[in-house]
Structures are given as C-alpha cells and as structure tokens.
4 protein chains.
Amino acid sequence: MTKRAVKPIDQTKPRWQRQPDARPDQILDAALGVFRAQGFSAARMDDVAKAAGISKGTIYLYFNSKQTLMESLITRAVAPIAQHLNVIAAQAPDGPVTPVLRAMLTFAASNLGQAKASAVPMLVISEAGRFPELARLYRQQVIDIGLGAITGMIKRGINRGEFRKLNPAYAARSMIAPLLMHMVWMNTFVLSEDEPIDLPDMIEQHLDIFLHGAKFRAQPEVSL
Amino acid sequence: MTKRAVKPIDQTKPRWQRQPDARPDQILDAALGVFRAQGFSAARMDDVAKAAGISKGTIYLYFNSKQTLMESLITRAVAPIAQHLNVIAAQAPDGPVTPVLRAMLTFAASNLGQAKASAVPMLVISEAGRFPELARLYRQQVIDIGLGAITGMIKRGINRGEFRKLNPAYAARSMIAPLLMHMVWMNTFVLSEDEPIDLPDMIEQHLDIFLHGAKFRAQPEVSL
Amino acid sequence: MTKRAVKPIDQTKPRWQRQPDARPDQILDAALGVFRAQGFSAARMDDVAKAAGISKGTIYLYFNSKQTLMESLITRAVAPIAQHLNVIAAQAPDGPVTPVLRAMLTFAASNLGQAKASAVPMLVISEAGRFPELARLYRQQVIDIGLGAITGMIKRGINRGEFRKLNPAYAARSMIAPLLMHMVWMNTFVLSEDEPIDLPDMIEQHLDIFLHGAKFRAQPEVSL
Amino acid sequence: MTKRAVKPIDQTKPRWQRQPDARPDQILDAALGVFRAQGFSAARMDDVAKAAGISKGTIYLYFNSKQTLMESLITRAVAPIAQHLNVIAAQAPDGPVTPVLRAMLTFAASNLGQAKASAVPMLVISEAGRFPELARLYRQQVIDIGLGAITGMIKRGINRGEFRKLNPAYAARSMIAPLLMHMVWMNTFVLSEDEPIDLPDMIEQHLDIFLHGAKFRAQPEVSL
DNA sequence: GATGAATGAGGCTTCATTCAT
DNA sequence: AATGAATGAAGCCTCATTCAT
C-alpha cells in the first residue's frame with residue numbers, strides 16, 4: 001500500500017545489491033557531501049544514508065559511529081595528498097627555484113581549486129574545535145609537508161641569491177595564502193551573482209607579484 | 001520554529017537589536033566563547049548560560065532561540081567593523097596609494113590578530129553551510145567594503161602608474177590573503193610547540209614583497 | 001488542533017507541578033512496577049515515564065540512564081532491610097533460640113510476603129546475569145546479614161544443646177528456603193485458578209516441622 | 001511480529017517440534033548458554049549464531065523468531081522431565097513413604113544440581129513476566145507433576161500414620177524448597193570466595209530434619 | 001541449505017524550548 | 001526579571017529479521 005509501482009520494469013531488480021567492497025568509499029563520498037552542506041553536527045546519518053543510496057543501518061556495518069565517519073573521511077583524504085607532496089618535493093631539480101615554485105603552486109591550485117578536493121580541508125577547518133586530533137593529523141600529514149617543501153625551496157632561492165634575504169616561513173605563507181583564501185571563499189562567501197574568479201589567472205598574477213617582489217634587489221628602493 | 005511564544009521584545013525590530021541594558025552583551029559574549037570552543041551545534045544552551053553566569057531560561061528573555069543567538073552574534077560584530085572600514089576608506093588622501101594600503105593592512109592585522117576579534121569571522125566560516133544568510137550579511141557588510149576599499153586603492157595605484165596593469169580584484173586578494181590565512185591558522189592548525197608567528201613582522205614582509213612585486217616595471221623581466 | 005478540551009474545569013491546573021523532592025521516589029516506584037511486569041530490558045523508559053505520570057525527559061533529570069535507574073532501585077531497597085535485620089539481630093535475648101528463630105522467620109515472611117517487597121529481590125534474581133555487581137551488593141547487604149543472623153542463632157542453639165549437631169549453614173537454608181520459594185512462586189508460577197497459599201500458615205507449619213526436626217534427639221531413630 | 005515469511009518448516013506442527021536433524025538442538029544449546037549468561041532480551045542473535053558456530057541467517061531456517069527460540073528451548077526441556085517424573089510416580093511401591101520421598105528428592109537434587117539442568121528453570125523464572133505462557137507450561141508439565149507426586153506421597157504418609165496431620169501442599173514445599181533455593185543461589189548469588197555448598201550433604205541433612213519433624217508425634221511437645 | 005550484507009523499526013538519550021514558581 | 005524543573009521532538013545507534021548470492 002505504501003509502495004509505488006511506478007516502473008514495473010524495475011521489479012526485476014533486487015531491492016539492493018551486495019557491494020561490500022565499494023560501500024566504504026560510497027559512504028564516505030556521501031558523508032563528505034552532506035557534512036560539507038550542513039556541517040558535521042547538523043548532518044543526520046539518515047541524510048548520509050540517503051545520499052549514499054543505502055539504509056541507515058548499513059553505514060554502521062562499515063563505520064562505528066558518526067565520529068568515526070568523520071575521522072575516516074579525513075584520514076582517507078590525507079594519505080594520497082601527503083604521498084603526492086612527497087613525490088613532488090623529491091623530484092625538485094637543482095637550479096633556479098622560481099620555476100619550481102611556480103609549478104608547485106600551479107599544481108596545488110589546479111587541485112584545491114576543485115570543490116571536492118577542498119571539501120575535506122574545509123571540514124577540518126570548520127570542525128577543528130570538535131576534532132583537534134584530526135586537525136593535528138591534517139596539519140602534520142598535509143600542511144607541514146606541503147608548506148615545508150615550499151619553505152625549503154624559498155630558502156634555497158635565498159641561498160642562491162635568487163631571492164633577497166627573507167623570513168622563509170613568512171614568505172611561504174605569503175605565497176600560498178591566496179590559495180587557502182580562495183578555498184575558504186568558494187565555500188563560504190561566494191555569491192551567485194559574483195563575477196567568477198579564474199583561479200589559474202589569479203594564481204598566475206599572484207606568482208608574478210610574489211616572485212618579483214621577493215627577488216633580489218641590488219639597491220632597495222626607498223619609501224614604499 | 002513552529003511555535004513561538006510571545007516575548008516582551010518588540011517583534012517589529014530586527015531580532016539582533018541590542019537590548020538597552022548589559023544582559024544581551026553578556027550573553028552574546030558567553031555564546032561567542034562557547035560557540036568558538038565547541039561549534040554552534042555542539043554547544044549547549046546550558047553551557048552558554050553557565051558561561052554567562054545566569055540560568056538557561058534567562059537567555060530566552062533576551063533571545064528567541066539558539067539561532068537568534070548566533071545571528072545576533074554575527075550582526076553585532078558586523079556593525080562596528082563596517083562602520084570603521086567606511087571611515088578609513090573615506091579618509092584616504094590623494095597621492096600615492098602605497099602608504100595607504102600599508103596602513104590599511106597593518107590596521108586590519110592589528111585587529112584580526114587578536115583571538116577574540118577573529119572569533120566571529122571564524123564562526124561565519126565554520127557555519128556558513130548552516131547560515132548562508134549570515135555569511136551573505138558578513139560578506140556584504142564587512143568583506144565587500146573592506147576588500148572593496150583595498151581594490152579601489154589598488155585601482156587608483158594602477159591609474160596613477162604606481163602599479164603596473166593588474167587585475168585589481170585579484171591583487172587585493174593577493175594582498176590580504178595572509179591575514180585570512182593567519183586567522184584560520186591560529187584557530188585551526190596552530191600547535192603548542194610551534195614557533196610563534198609574529199603577525200606584524202609577517203605582514204610587514206608581505207607588504208614589502210607585494211608592493212614591490214606590484215609596482216610598475218618599465219621593462220618586464222622575462223621568464224620567472 | 002490536537003488538544004482535547006474535555007474538562008474545562010481542569011484548565012486551571014498547571015500542566016505539571018514542580019516536585020523536585022518527590023520525583024526520585026516517584027520515578028523509582030514507577031520503574032519498579034514496570035520492570036517487574038516486563039523485565040528490565042523489555043521495559044521502555046516511555047512506560048516508566050507514563051507510569052510515573054511525567055515525561056520521559058524528566059527521568060533523566062534525576063537518573064543518568066536506565067541502568068542507573070535499576071541500580072538505584074536496588075540500592076534503595078537494600079538500605080532499610082539491612083538496617084532492620086541488624087536491629088533484630090542485636091536485640092536477640094539470651095536463652096532458647098527457638099522462639100527467636102520463630103520470630104525472625106515470621107517477620108521476614110510478613111515482609112517478603114507482600115508483592116511489592118519481593119519485587120526487588122525478584123528483579124535481582126532475574127537480572128543477575130546482566131548486573132552481577134548488583135547481585136553482589138544485594139547478597140552482601142541483605143542476604144549475608146539476614147542469613148548470617150539465622151545461622152548464628154542456629155549455632156547458638158546447637159551449642160546450648162537445643163539443637164542436635166547440624167551444619168548450621170545448611171540448616172539455615174532449610175529454614176528460610178520456603179520463603180524464597182514462595183517469593184519465586186508468587187512472581188512466576190502462580191496461576192489464577194490456584195488455591196491461594198496462606199503464607200503465615202505455611203510458615204507456621206514449616207517452623208513446626210523444622211524446629212522439631214532439628215532439635216536434640218537423645219537416641220536418633222534409625223533408617224528414615 | 002507483523003510479517004512472517006514462509007518457512008520450509010511445516011506450519012501446522014507446533015513451532016517447537018524437534019527438527020529431524022541435529023541443527024535445531026545445536027542452536028538451542030547455543031541459545032540456552034547465551035540466554036543464561038545475558039538474559040533473553042540482552043542476548044543477540046549474532047551471539048547465538050556465533051555460539052552455535054553458524055551464521056545468523058541459518059537460525060531462521062529452523063526457528064521463526066527469537067521468541068520461538070525461547071519457546072522451543074523451554075518446551076524441549078519440559079518433555080523429558082515430565083515424562084521422567086511420571087515414570088517415577090508410577091513406580092512408587094506401597095509401604096512406608098519415607099524412603100520414597102528420600103529417593104525422590106535425592107534424584108531431583110542430583111539432577112537440578114547441575115548447572116545445565118537448572119538453566120531452563122532459571123530462564124523460566126527470569127522471563128516469566130515476558131512469557132507467562134511458558135511459565136504456565138513449565139508449571140503444568142513439570143512442577144505440578146513433580147510437586148504433585150511429592151504431595152501425594154506425603155498425603156499417603158499422613159494416611160498411614162507415618163506423618164502427623166499436616167497440610168500436604170505446604171509440607172511438600174517445605175521439603176523441596178531448599179532445592180529451588182540452591183538453584184537460584186547458584187545462578188544468582190554465589191560468589192567465587194564462598195565456601196562451596198555440597199548439595200547432597202545439604203539435602204541429606206534437610207531430609208533428616210524434615211522427615212523427623214514431620215513424623216507422627218504421640219504427644220506433641222509444648223512451646224517451641 | 002547456508003551465508004552475511006542490508007534493512008528499518010524502535011529504544012535510549014539529549015537538549016532547545018517552555019512555563020510554574 | 002529570573003529561575004530551573006519539565007517537556008517532547010529528534011537523533012544516534014542497535015539488532016531482529018530479510019534476502020540476494
């Protein structure tokens with residue numbers, strides 16, 4: 001009496017499929033979407049289930065609790081990023097650092113510029129108060145490595161005389177900050193009527209400003 | 001949401017109207033602290049009451065709901081900032097924009113560098129999914145004005161030939177991004193064992209890089 | 001639209017009364033009734049609340065959990081019994097133990113014979129698997145003291161030559177067992193069509209058998 | 001309870017009918033162990049399955065529900081006991097009843113003294129509130145017959161002048177109560193540090209007391 | 001027959017909100 | 001105005017039961 005028999009064709013399909021291998025990722029993807037849209041606390045497990053196309057109980061076959069879901073979400077995101085950052089850092093050739101830095105930031109931008117990729121860091125930022133452990137994990141596994149690679153490259157630039165004498169940690173922040181800002185912006189403040197931001201363009205200009213501004217200056221101009 | 005008891009507060013006024021006496025501010029201060037520490041959803045009205053040193057029921061004499069509390073919190077923060085930014089923008093003198101921009105960013109940094117001042121924007125960022133209206137309000141009342149002032153100043157610099165031809169909106173982002181990043185950092189990723197960041201120092205170096213990198217270049221160097 | 005206005009007279013009564021002092025006992029009484037009828041696990045907090053004439057949430061103002069409710073129930077029952085048993089034991093006069101034992105069992109019977117008084121021990125028996133701690137508490141606070149007093153009295157009877165040489169612990173069990181059995185019986189196996197058992201009569205006869213059977217025999221008859 | 005799928009089991013037979021092969025007994029044995037340890041409600045079908053070394057779904061090939069499992073458990077236990085009691089009662093020879101009663105109680109003790117044999121009656125006692133039907137079944141098929149046999153024998157003893165004039169129903173209770181008490185004790189209140197109770201010894205002493213106490217007395221002693 | 005993944009109703013518990021005092 | 005006891009809707013989670021494999 002409650003079932004609608006809209007498409008008799010579908011009656012041959014089973015009500016559900018066994019997918020023990022695919023489920024965890026399927027659930028995590030759904031959770032990511034729901035958590036992003038509503039925040040962790042406000043999100044209901046029912047919504048996650050619905051988004052994943054399964055029943056509420058099934059989630060608990062794969063994750064012990066809502067918290068575990070959140071933790072797994074972040075852990076899952078951390079691993080590949082950390083790995084990739086390490087690869088990039090290891091492959092940096094000798095020679096001028098400017099093109100390397102340009103490549104690094106461009107790569108990061110092409111990555112975090114996508115809504116899905118930035119969802120996890122945004123969750124980390126939003127829920128850091130509730131999940132300090134995960135914030136720490138993300139920091140150590142992702143940020144420290146990424147920011148560390150950039151800071152190291154800047155140091156090398158300074159040593160080579162390519163850049164003037166700068167605080168490399170601060171310079172690294174100056175360099176990547178627009179990327180973080182863009183991430184926050186797109187997830188928080190962007191309005192539908194806004195003129196869209198072309199991230200590659202913005203990053204290119206930012207690099208242009210930054211790299212020029214950072215390079216060695218024989219006689220510093222006065223009075224900026 | 002379905003029931004709303006009649007409250008002595010004048011319903012025709014906006015809900016975030018400041019009450020004449022000190023209670024509302026006392027409550028909002030408490031709420032800010034609790035919301036920051038636990039997130040909006042996880043925070044309990046009991047905790048807010050305890051932090052304010054009053055009973056739970058008393059909160060409802062001044063605010064209709066938990067949501068209203070959040071809304072009032074952000075609205076209360078918006079007004080003075082917007083006002084102040086307007087004043088600064090209006091007072092900008094003619095002449096070189098570089099010192100003006102320097103002053104603007106330095107001022108903003110000295111402000112948002114404090115934990116309490118950054119609490120509200122962090123809340124907005126964290127709860128944007130749940131309170132898009134408030135994110136919009138904050139954007140329009142604070143960000144658009146602040147970012148607008150900076151963008152305008154950069155435009156003027158371009159027109160004066162002080163800066164080279166840049167996309168001013170992007171340049172403004174390049175300029176203020178480290179400030180936002182610092183805010184996020186301090187509220188999310190900072191660890192107790194970190195070497196502390198000296199915000200004024202960082203901003204000074206950032207301005208040095210940025211303003212040099214942005215200024216007019218007779219013959220652009222090739223291939224950075 | 002949902003409210004029935006059956007008796008306009010009652011409209012003057014408040015929907016609920018503040019009774020912070022009376023609540024805990026009120027709730028425990030209700031819980032006892034519900035647990036007895038349905039068993040602990042099968043009982044729903046809703047039912048307890050309904051039986052207590054309050055809302056479900058109110059229970060949690062006074063008890064942390066369903067388990068706590070159970071624990072409090074037993075703890076509440078233990079205290080007065082233990083106390084009373086101690087008093088009786090202390091007041092036992094010197095001289096023949098037979099009348100003392102008779103008084104003790106008669107008292108216990110008049111007490112545990114009532115359905116309400118036996119509800120807690122029956123709960124303990126039923127839920128011992130789930131709450132071994134509570135069974136231990138009941139054992140030590142009630143049984144050990146009560147059984148101990150009887151055992152001691154029997155020992156005295158043996159020493160005085162009033163009883164023959166018996167294992168006092170076993171004899172004590174022989175003596176009180178019908179009481180326990182009656183308790184179990186009334187809560188488990190009694191049928192409406194049964195001829196009712198007159199507990200005082202039964203106990204009297206039991207005492208008659210037991211005390212005669214236990215008393216000193218000059219020359220034990222053979223071959224029973 | 002609302003839905004019941006068609007099962008290959010013949011629905012016309014009583015639900016507790018023993019299956020031809022070994023599976024049902026295997027499951028019931030497992031269920032008995034789990035129910036005893038955790039109580040009926042707290043026990044999970046998963047645990048029963050694990051204890052039986054099969055999967056959860058398999059249980060439902062043999063039993064329609066958790067309730068049915070419980071029912072079958074008790075029903076299975078009832079049949080052989082009732083049968084055996086009947087045999088004993090039928091074989092009682094003429095002549096003095098005292099040795100017959102002694103034999104009956106000793107037999108019962110040697111039986112119920114074992115943990116496994118007492119598991120079912122303990123379950124009945126614990127879950128009587130939830131399964132009054134089964135309590136009634138147990139009462140009628142086991143207790144009424146067993147207790148009836150003893151009561152009858154006592155009556156005969158009275159008629160023969162072996163015992164004095166007693167209420168036979170009460171006397172039967174006086175006689176068997178320590179056995180029930182021992183069962184409850186071992187399943188509920190026994191502590192590891194207790195001096196162990198030697199059931200045969202206790203029963204022997206109890207019989208000694210009881211049978212002496214019950215026998216005919218020419219001139220009743222005064223003032224017990 | 002057997003399995004165990006999947007379901008979904010239902011319980012305990014929390015907490016924003018109400019209201020008698 | 002203030003309190004805090006009381007409410008009740010709603011969410012997380014469990015687990016008996018079903019069903020595709």
Side-chain angles (χ1 to χ4, degrees), chain A residues 13-21 23 41-49 53-67 69, chain B residues 1-8 21 23 41-49 54-69, chain C residues 13-21 23 41-49 53-67 69, chain D residues 1-8 21 23 41-49 54-69:
Chain A
K13 277 192 202 168
R15 280 198 301 163
W16 43 264
Q17 297 265 330
R18 290 189 170 211
Q19 303 189 23
D21 291 336
R23 284 279 182 255
S41 297
R44 285 175 301 131
M45 291 300 263
D46 263 324
D47 295 336
V48 175
I54 58 175
S55 79
K56 195 170 28 169
T58 301
I59 299 176
Y60 289 89
L61 294 178
Y62 298 94
F63 300 94
N64 288 324
S65 68
K66 199 182 175 189
Q67 274 225 22
L69 204 49
Chain B
M1 279 294 118
T2 47
K3 295 183 278 180
R4 181 161 294 164
V6 178
K7 282 276 151 36
D21 59 28
R23 266 290 142 77
S41 295
R44 285 174 298 139
M45 291 298 263
D46 262 323
D47 295 336
V48 174
I54 58 176
S55 78
K56 193 165 41 164
T58 303
I59 298 176
Y60 286 87
L61 296 176
Y62 297 92
F63 299 92
N64 283 322
S65 70
K66 196 183 177 189
Q67 276 225 21
T68 308
L69 208 48
Chain C
K13 278 194 202 167
R15 279 197 301 164
W16 42 265
Q17 297 266 330
R18 290 190 171 214
Q19 304 189 25
D21 292 335
R23 285 279 182 252
S41 298
R44 286 178 298 132
M45 292 299 263
D46 263 323
D47 295 336
V48 175
I54 58 176
S55 78
K56 196 167 30 168
T58 301
I59 298 176
Y60 288 88
L61 294 178
Y62 298 93
F63 299 93
N64 287 324
S65 68
K66 199 183 175 189
Q67 274 226 22
L69 205 48
Chain D
M1 282 295 118
T2 49
K3 295 182 277 180
R4 180 162 294 166
V6 179
K7 281 279 149 39
D21 59 28
R23 264 291 141 76
S41 297
R44 285 173 299 139
M45 291 299 261
D46 263 323
D47 296 336
V48 175
I54 57 175
S55 78
K56 193 165 39 165
T58 302
I59 298 176
Y60 286 88
L61 295 176
Y62 296 93
F63 300 93
N64 284 322
S65 69
K66 196 184 177 188
Q67 276 224 21
T68 307
L69 208 48

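Proteins get letters first, then strands, A, B, ... in listed order; numbering begins at 1 in each. Predicted model, so just to flag it, every value in this text is computed and none were measured.
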Nearest-nucleotide 5' precedence on DNA chain F, C:Thr58 against D:Ala42: C:Thr58
Toward the 5' end of DNA chain E, by each residue's nearest nucleotide, B:Ser41 or A:Gly53: A:Gly53
Sugar-phosphate only, base, or nothing, as touched by A:Arg18 at under 4.0 Å among non-hydrogen atoms: base
Rounded distance in Å - OH (D:Tyr60) to P (F:dC19): 13 Å
Sugar-phosphate, base or nothing in reach of C:Phe63, heavy atoms under 4.0 Å: nothing
Whole-Å gap separating P (F:dG4) and CZ (B:Arg44): 16 Å
Rounded distance (Å) that lies between atom P of F:dT3 and atom CD1 of B:Ile59: 10 Å
OP1 or OP2 of E:dA2 under 4.0 Å from side-chain N/O of D:Tyr62: yes
Separation of D:Thr68 OG1 from D:Tyr60 OH (nearest 0.5 Å): 9.0 Å
Per-nucleotide pairing state of DNA chain E [Watson-Crick or G-U, under 3.5 Å; [ ] pseudoknot-crossing; | other strand]: .||||||||||||||||||||
Contact nearer the 5' end of DNA chain F, comparing B:Ile54 with A:Gln17: B:Ile54
Rounded distance (Å) that lies between atom P of E:dA6 and atom CZ of A:Arg23: 4 Å
For atom CG of D:Asp47 and atom C1' of F:dT14, their distance in whole Å: 12 Å
Spacing of D:Gln67 atom CD relative to F:dA16 atom P, expressed in whole Å: 12 Å
Spacing of B:Lys66 atom NZ relative to F:dA9 atom P, expressed in whole Å: 19 Å
Spacing of B:Asp46 atom CG relative to E:dT18 atom P, expressed in whole Å: 15 Å
Closest nucleotide among E:dT7, F:dT17, F:dG4 to the A:Leu61 side chain: E:dT7
Student check: side-chain heavy atoms of B:Ile54 and B:Arg23 closer than 4.5 Å: yes
Touch class at under 4.0 angstrom, heavy-atom based, for D:Ala43 against every strand present: sugar-phosphate
Under the salt bridge (Lys or Arg N to Asp or Glu O under 4.0 Å) test, residues paired with B:Lys56 that sit two or more places apart: B:Asp46
For the student: nearest non-hydrogen atoms of A:Ala42 and B:Ser41, plus distance: N-OG, 4.0 Å
Nearest heavy atoms of B:Met45 and B:Lys66, plus distance in Å: SD-CG, 3.7 Å
Which residue lies more 5' along DNA chain E, comparing A:Gln19 with B:Met45 via nearest heavy atoms: A:Gln19
With sequence neighbours excluded, residues passing side-chain hydrogen bond (donor to acceptor under 3.5 Å, both in side chains) with A:Thr58: A:Ser55
Base E:dT7 to side chain A:Lys56, donor-acceptor N/O within 3.5 Å cut-off: no
